[in-house]
Trainee: 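Below: one structure in structure tokens.
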Amino acid sequence: MAKFELKLPKMGESVAEATITNWLKQVGDKIEIDEAVLEIATDKVDSEIPSEISGVLSEILFNVDDIVKVGQTIAIIETEAQDFTSETITNEIAPESILAIEEIIEKAVATISEPADFSSSDNFFSPLVKNIAKQEGISIKELEAINGSGKEGRVTKEDILKFVESLKSNVVSRVSKPSTISLNVGDEIVEMDRMRKLISGYMMASINTSAHVQSFIEVDVTNIWKWREKNKDAFEKREGEKLTFTPIFMVAVAKALKDFPEMNISVDGDYIIKKKNINIGMAASLPNGNLIVPVIKKADQLNLVGMAKAVNNLGNLAKVGKLKPDDTQGGTYTVSNVGTFGSVFGTPIINQPQVGILALGAIRKVPAVIETPEGDFIGIRNKMFLSHSYDHRVIDGALGGSFVKRVADYLEGFDINREF
């Protein structure tokens with residue numbers, strides 16, 4: 001029997017670790033090649049880790065709720081194969097993973113040499129959590145007030161680091177006990193799930209990071225409406241894809257970003273990072289009602305057919321919870337279709353570290369003034385609002401307004417006689 005080390009695979013350029021949420025297999029279970037062994041969660045998406053070989057699970061090295069670095073061995077699988085050398089089994093760990101592990105060891109050593117005194121508390125806190133609390137000057141009462149996401153409500157490293165960050169951002173007041181909300185008979189208390197907690201943190205962090213300002217513009221999309229009605233059946237028959245309005249809008253946004261590269265940037269402290277690729281995030285709903293933003297990579301290089309395929313593929317993966325971590329990484333600008341739920345317009349929150357997000361309102365039939373050589377008259381037109389939120393630290397009104405106006409120009413100038 002040979003032993004194979006199942007490692008946490010690389011899941012995207014910016015994903016360095018993941019939390020184990022569920023073991024689908026237990027010690028002694030037989031595993032087929034490509035069969036899912038466990039479920040993990042990153043700060044963006046949940047995913048399954050499949051086995052690279054067939055065999056028997058002989059050892060589980062991490063528990064549920066443990067945080068694992070990319071490249072770390074998480075389980076041992078015994079196989080009948082005889083071609084696994086020691087070099088094959090002990091794959092090289094990336095240098096950044098080694099540094100991360102060394103950092104954890106250093107913190108553990110510091111904890112042992114300088115133990116914190118939390119003997120007055122009846123709650124269990126790990127040595128690492130206690131050490132972070134001591135270093136950040138967090139009192140025992142504040143530590144006890146943190147809602148732990150670990151097993152049996154224990155405070156994890158991630159919980160206390162988020163609490164520390166919230167203190168620095170003045171999101172949470174440093175009080176000796178948590179604020180209370182009055183409850184009435186019949187009220188139900190439901191804890192946020194892990195992803196909703198993350199979304200909550202992201203939204204508050206974005207508000208406290210960017211100086212949000214909005215520009216709104218109304219767009220006449222009558223030509224687009226007529227063209228789609230005329231071509232949607234033929235498009236689906238030829239391409240095998242449904243033709244929604246979303247890919248048409250995304251093509252217009254990609255063109256506008258190419259025209260205004262100053263919108264395709266990120267901010268890092270006092271520095272502006274100009275992004276080479278135009279990667280557009282597309283806000284989508286998950287089966288549990290939470291929100292996720294899969295990313296269409298190099299969107300400016302896609303024609304309408306390619307954009308429709310990308311939009312439909314990512315949307316379908318989101319609906320069934322099958323997005324991979326890399327599917328949500330690398331976005332440089334985001335679009336949110338609030339019109340899907342009937343909203344006329346919205347004021348979306350910027351998806352950090354981007355500097356802009358566009359909300360697409362519902363398309364409505366409205367009376368409008370139509371200008372002709374023979375004079376003006378009232379007619380029925382299909383119109384919608386575009387709501388552009390942008391970061392006023394680096395984007396002024398002239399640029400933010402010009403960008404959304406360019407998107408509107410592309411939509412209103414849509415050629416009703418074009419081929420798809």
Side-chain angles (χ1 to χ4, degrees), residues 11-17 42-45 96 158 161-172 197-217 250 252-284 291-300 325-336 338 346-360 386-407:
M11 298 169 289
E13 293 182 1
S14 62
V15 180
E17 62 183 20
T42 69
D43 61 346
K44 295 283 187 176
V45 69
E96 58 269 21
E158 299 301 318
L161 290 179
K162 288 178 184 177
F163 181 76
V164 170
E165 185 62 30
S166 69
L167 293 179
K168 293 179 180 178
S169 303
N170 294 319
V171 177
V172 177
K197 290 178 182 177
L198 290 171
I199 293 172
S200 175
Y202 291 148
M203 296 300 100
M204 290 306 302
S206 182
I207 289 293
N208 284 278
T209 298
S210 296
H212 282 65
V213 66
Q214 284 84 26
S215 293
F216 306 94
I217 191 167
M250 298 293 263
V253 172
K255 287 182 178 180
L257 286 170
K258 200 164 187 176
D259 294 341
F260 293 93
E262 303 92 339
M263 285 300 313
N264 199 53
I265 65 173
S266 291
V267 179
D268 185 7
D270 294 331
Y271 296 90
I272 294 173
I273 301 172
K274 297 180 178 180
K275 297 293 186 178
K276 177 182 178 181
N277 294 327
I278 294 176
N279 301 333
I280 304 180
M282 178 185 70
L291 184 70
I292 199 165
V293 185
V295 177
I296 300 172
K297 308 292 176 61
K298 298 182 179 179
D300 58 313
D326 194 51
D327 292 331
T328 62
Q329 303 295 319
T332 61
Y333 189 86
T334 297
V335 174
S336 178
V338 299
T347 54
I349 297 175
I350 295 169
N351 187 12
Q352 296 296 328
Q354 300 165 24
V355 298
I357 180 172
L358 185 70
L360 308 174
L386 303 180
S387 310
H388 186 208
S389 294
Y390 46 96
D391 190 342
H392 213 348
R393 293 178 303 165
V394 290
I395 307 297
D396 293 327
L399 174 56
S402 297
F403 170 79
V404 71
K405 177 62 166 58
R406 183 63 54 85
V407 176

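In this text, all values refer to a predicted model and were calculated from it rather than measured experimentally. Residues take their numbers from the sequence shown, with the count starting at 1.
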Trainee: Who pairs with D259 by side-chain hydrogen bond (donor to acceptor under 3.5 Å, both in side chains), at least two apart in sequence or on another chain?
Mentor: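 For D259 the side-chain hydrogen bond (donor to acceptor under 3.5 Å, both in side chains) partners, ignoring immediate neighbours, are R406, Y410.
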Trainee: Kindly list each side-chain donor-acceptor pair under 3.5 angstrom involving residues 271-284, sequence neighbours excluded, with atom names and distances?
Mentor:
unit_1 : atom_1 : unit_2 : atom_2 : d
N279   : OD1    : K298   : N      : 2.8
N279   : ND2    : G330   : O      : 3.0

Trainee: Could you tell me if the side chain of H212 sits less than 4.5 Å from the side chain of I357, heavy atoms only?
Mentor: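 With C-beta onward as the side chain, the pair stays apart.
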Trainee: Go through the structure and list residues passing salt bridge (charged side-chain N to carboxylate O under 4.0 Å, His left out) with D391, not counting sequence neighbours.
Mentor: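 Applying salt bridge (charged side-chain N to carboxylate O under 4.0 Å, His left out) to D391 gives R393.
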Trainee: I'd like to know if the side chain of S389 reaches the main chain of P348, judged simply by a donor and an acceptor atom lying under 3.5 Å from each other, with no hydrogens or angles considered.
Mentor: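 Such a contact is found between S389 side chain and P348 backbone.
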Trainee: Given L198 and K162, is the side chain to side chain contact (heavy atoms under 4.5 Å, CB included) satisfied, shown in steps?
Mentor: CA-CA 10 Å; L198 290 171; K162 288 178 184 177; 3.2 Å; yes
Trainee: Quick check for you: to the nearest 0.5 Å, what is the distance between D300 atom CG and K258 atom NZ?
Mentor: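 Taking CG in D300 and NZ in K258, the distance rounds to 5.0 Å.
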Trainee: Do other residues, nucleotides or ligands put more than 12 heavy atoms under 6.0 Å from the NZ atom of K297?
Mentor: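 Enclosed.
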Trainee: Give, for atom CD1 of I395 and atom CD1 of I265, the distance between the pair rounded to the nearest 0.5 Å.
Mentor: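 So the gap between those two atoms works out to 4.5 Å.
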Trainee: Check I350 against S210 and note the closest heavy-atom contact, atom names and distance.
Mentor: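 The pair with the smallest heavy-atom distance is CD1-CB, 4.0 Å.
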Trainee: Do L386 and L360 have side chains that approach each other closer than 4.5 Å (heavy atoms only, starting at C-beta)?
Mentor: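 Side chain of L386 against side chain of L360, heavy atoms only: contact under 4.5 Å found.
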Trainee: Not counting sequence neighbours, which residues clear side-chain hydrogen bond (donor to acceptor under 3.5 Å, both in side chains) with E158? List them please.
Mentor: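 Expected list: none.
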Trainee: Would you compute the distance between atom CD1 of I349 and atom OG1 of T334 and round it to the nearest 0.5 angstrom?
Mentor: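 It is 12.5 Å, given to the nearest 0.5 Å.
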Trainee: Roughly how far, to the nearest 0.5 Å, is the CZ atom of F216 from the OG1 atom of T347?
Mentor: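 So the OG1 of T347 and the CZ of F216 are separated by 6.5 Å.
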Trainee: Do you know which of V253, L257, V404 makes side chain to side chain contact (heavy atoms under 4.5 Å, CB included) with M263?
Mentor: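 Going through V253, L257, V404 one by one, the side chain to side chain contact (heavy atoms under 4.5 Å, CB included) with M263 is satisfied by L257 alone.
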Trainee: Once ring pair (Phe, Tyr, Trp, His ring centres under 6.0 Å) is applied, do any residues pair with Y390, and if so which ones, sequence neighbours excluded?
Mentor: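 For Y390, the residues satisfying ring pair (Phe, Tyr, Trp, His ring centres under 6.0 Å) (neighbours in sequence not counted) are H388.
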Trainee: Of the non-hydrogen atoms in I292 and P294, which two are nearest, and what is the gap between them?
Mentor: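 Scanning both residues completely, I find the closest heavy atoms to be O-CD, 3.5 Å.
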Trainee: Output the distance between atom CG (N208) and atom CE (M203), rounded to the nearest 0.5 Å.
Mentor: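 Those atoms lie 12.0 Å apart.
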Trainee: Find the distance between CG (D327) and CD1 (I296) and round it off to the nearest 0.5 Å.
Mentor: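 Going from CG on D327 over to CD1 on I296, the span is 11.0 Å.
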Trainee: Does the separation of the ring centres of Y333 and F403 fall below 6.0 angstrom?
Mentor: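 Ring centroids of Y333 and F403 are less than 6.0 Å from each other.
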Trainee: Determine which pairs satisfy salt bridge (Lys or Arg N to Asp or Glu O under 4.0 Å) with at least one residue from residues 395-405, sequence neighbours left out, and list them in order.
Mentor: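 Listed by first then second residue: K405-D409.
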Trainee: Can you sort out the partners of S206 under side-chain hydrogen bond (donor to acceptor under 3.5 Å, both in side chains), two or more places apart, ordered by chain and number?
Mentor: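 Result, side-chain hydrogen bond (donor to acceptor under 3.5 Å, both in side chains) vs S206: Q352.
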Trainee: Any donor-acceptor pair under 3.5 Å linking the side chain of Q214 with the backbone of S387?
Mentor: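 Checking the backbone N and O of S387 against the side chain of Q214, no donor-acceptor pair under 3.5 Å is found.
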Trainee: For a 4.5 angstrom cut-off between non-hydrogen side-chain atoms, does L358 reach M250?
Mentor: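 Side-chain contact under 4.5 Å: no.
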Trainee: Could you list the residues that satisfy side-chain hydrogen bond (donor to acceptor under 3.5 Å, both in side chains) with E262, not counting sequence neighbours?
Mentor: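 Not a single residue meets the side-chain hydrogen bond (donor to acceptor under 3.5 Å, both in side chains) criterion with E262.
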